[in-house]
**Student:** 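One structure, as structure tokens, below. Some questions next.
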2 protein chains.
Amino acid sequence: MVTKRLLKGLPEDADLRRADSLAREIFSDVANKWALLIIEALGERTLRFSELRDEVEGVSHKMLTQNLRMLERNGLVDRKVHPTVPPRVEYTLTGPGRGLLAAVDAICGWTHQHLGHIEGARRRFDA
Amino acid sequence: MVTKRLLKGLPEDADLRRADSLAREIFSDVANKWALLIIEALGERTLRFSELRDEVEGVSHKMLTQNLRMLERNGLVDRKVHPTVPPRVEYTLTGPGRGLLAAVDAICGWTHQHLGHIEGARRRFDA
DNA sequence: CCGCATCCCTGGGGATACTG
DNA sequence: CAGTATCCCCAGGGATGCGG
């Protein structure tokens, strides 16, 4: 049984409460469209900033930097700056980042698996 | 190898492109904080609207209904209305919904597993 | 109890321009 | 090329109230 407790939990002891609030914070960071798409785009590869922007459909310059900073801050991506001119910055998933990648892959797989069911459900609902 | 293609893909043929755009749409629906927290809250249980609101920390009435509608529309949750007074509405994950639950559980597990690493990474980054 | 509609406001996020 | 900063606008989302 996985330790969940992202849900409303009883206070219990102080350390647990800190851990929970931290967990919820991380979850909120990570559980958003752009972050997950960036992780999926990186996969096992190393990509430059501009490559990422090309790879992630519809992401704006700002959202990309913002999310990359966040992911870097949480230790999910590694940012390597090459001191050349013009600059060259490369992003790679860290070990923990690749751990999350597995979950994202699962979601992507799930999505494609249920395309048909979902399309049907929508049609029924919209009627 | 999972069929991904949530990333910027070459057009190829028309049907594939439709499927891709649908997949991205679903992904955008599903890859958001509240939707995932609701799925996690439901788990294998059946919950009433008000129970869900109590269970999901910080969700507003509006966000909850909105996301529940969306999940219902996509066939991930089943909504059962008991014609009593006062009304009683119960939400349950469908089969596909439980499929997604597995992925969400994975994310929750991942989060707790890496709390320490992330906390450290943050401290280093913020310096 | 549940859910819709309305109002209102904040801040998310796009576009643009400038620096290294 | 990559990143930061600034401006600005619209929609996300909170609060409230009514209806079933």
Side-chain angles (χ1 to χ4, degrees), chain A residues 8 24-39 41-42 45-74 76-93 125-127, chain B residues 8 24-39 41-42 45-74 76-93 125-127:
Chain A
K8 201 157 197 168
R24 268 194 291 272
E25 212 181 306
I26 296 169
F27 192 87
S28 297
D29 271 1
V30 144
N32 88 69
K33 185 180 159 176
W34 294 129
L36 296 184
L37 284 175
I38 290 168
I39 289 171
L42 279 175
R45 303 179 287 172
T46 290
L47 291 179
R48 304 182 54 173
F49 182 86
S50 47
E51 292 172 330
L52 267 170
R53 190 186 17 197
D54 292 343
E55 203 69 20
V56 179
E57 177 80 20
V59 72
S60 70
H61 187 115
K62 189 179 180 179
M63 281 304 95
L64 186 54
T65 21
Q66 206 166 285
N67 279 278
L68 281 172
R69 285 297 151 278
M70 179 275 284
L71 292 172
E72 187 193 357
R73 179 172 120 90
N74 288 322
L76 304 197
V77 306
D78 183 54
R79 176 167 177 273
K80 173 133 198 187
V81 182
H82 298 265
T84 62
V85 47
R88 176 184 187 83
V89 183
E90 295 183 326
Y91 294 91
T92 317
L93 288 183
F125 184 92
D126 294 341
Chain B
K8 201 160 197 166
R24 270 194 290 273
E25 212 180 305
I26 296 169
F27 192 87
S28 298
D29 272 1
V30 145
N32 89 69
K33 184 180 161 177
W34 293 128
L36 295 184
L37 284 174
I38 290 169
I39 289 170
L42 280 175
R45 304 179 286 173
T46 290
L47 291 179
R48 306 182 53 172
F49 182 87
S50 47
E51 293 171 331
L52 267 171
R53 191 187 21 205
D54 293 343
E55 202 70 21
V56 178
E57 176 82 20
V59 73
S60 69
H61 187 115
K62 189 180 181 180
M63 284 302 94
L64 187 53
T65 16
Q66 205 166 285
N67 278 278
L68 281 172
R69 283 300 150 277
M70 180 274 288
L71 291 173
E72 187 193 358
R73 179 171 120 90
N74 288 322
L76 304 197
V77 305
D78 182 54
R79 177 166 177 272
K80 172 130 197 189
V81 182
H82 297 264
T84 62
V85 47
R88 175 186 189 83
V89 183
E90 296 182 325
Y91 294 92
T92 317
L93 288 183
F125 184 92
D126 294 341

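We name chains A, B, ... by the order of the sequence lines, and we start the count at 1 in each one. Fair warning: this is a prediction, and the values are worked out from it, not measured in the lab.
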**Student:** In whole angstrom, give the distance that lies between atom CE of B/Met70 and atom C1' of D/dG12.
**Tutor:** 14 Å
**Student:** Which nucleotide in the set D/dG3, D/dA2, D/dC7 lies at the smallest distance from any side-chain heavy atom of A/Pro87?
**Tutor:** D/dA2
**Student:** What is the separation between atom CD on A/Gln66 and atom P on D/dA2, rounded to the nearest whole Å?
**Tutor:** 18 Å
**Student:** What's the CZ-C1' distance between A/Arg53 and D/dC1, to the nearest Å?
**Tutor:** 9 Å
**Student:** So which atom in B/Leu36 and which in A/Ala31 form the shortest heavy-atom distance, rounded to 0.1 Å?
**Tutor:** CD1-CB, 3.8 Å
**Student:** Report yes if a side-chain nitrogen or oxygen of A/Arg79 is closer than 4.0 Å to either non-bridging phosphate oxygen (OP1 or OP2) of D/dA2; otherwise report no.
**Tutor:** no
**Student:** Between P on D/dG12 and CG on A/Asn32, what's the gap in Å once rounded to a whole number?
**Tutor:** 15 Å
**Student:** Between B/Arg69 (CZ) and D/dG12 (C1'), how many Å, whole number?
**Tutor:** 18 Å
**Student:** For A/Leu42, run the side chain to side chain contact (heavy atoms under 4.5 Å, CB included) check against A/Leu76, A/Leu93, A/Val56, A/Leu37 and tell me which one passes.
**Tutor:** A/Leu93
**Student:** Taking for each residue the nucleotide of DNA chain D with the nearest heavy atom, is it A/Arg48 or A/Thr65 whose nucleotide lies nearer the 5' end?
**Tutor:** A/Arg48
**Student:** Given atom NZ of A/Lys33 and atom C1' of D/dG12, what is their separation to the nearest angstrom?
**Tutor:** 14 Å
**Student:** For the residue pair B/Met70 and B/Asn32, establish whether any side-chain heavy-atom pair is separated by less than 4.5 Å.
**Tutor:** yes
**Student:** Below 4.0 Å from chain A heavy atoms, what is the first contacting nucleotide of DNA chain C and what is the last?
**Tutor:** C/dG13 to C/dG20
**Student:** Starting at atom CG of A/Asp54, determine the distance to atom P of D/dA2, rounded to an integer number of angstrom.
**Tutor:** 10 Å
**Student:** What I'd like to find out is whether the side chain of A/Asp54 reaches to under 4.5 Å of the side chain of A/Glu51, using heavy atoms alone.
**Tutor:** no
**Student:** Report yes if the side chains of B/Arg53 and B/Val59 come closer than 4.5 Å at any heavy-atom pair, otherwise no.
**Tutor:** yes
**Student:** Please state how far atom NE2 in A/His82 lies from atom P in D/dG3, giving the value in whole angstrom units.
**Tutor:** 12 Å
**Student:** DNA chain C: B/Phe49 or B/Lys62, which has the more 5' nearest nucleotide?
**Tutor:** B/Phe49
**Student:** Could you go step by step and tell me if A/Phe49 and A/Leu68 meet the side-chain contact (heavy atoms from CB on, under 4.5 Å) rule?
**Tutor:** CA-CA 9 Å; A/Phe49 182 86; A/Leu68 281 172; 3.9 Å; yes
**Student:** From D/dG3, D/dG20, D/dC7, pick the nucleotide closest to the side chain of A/Tyr91?
**Tutor:** D/dG3
**Student:** Looking at B/His61 and D/dG14, is any side-chain donor or acceptor paired with a base atom of the opposite kind under 3.5 Å?
**Tutor:** no
**Student:** Shortest non-hydrogen contact from A/Ala41 to A/Leu47?
**Tutor:** O-CD1, 3.8 Å
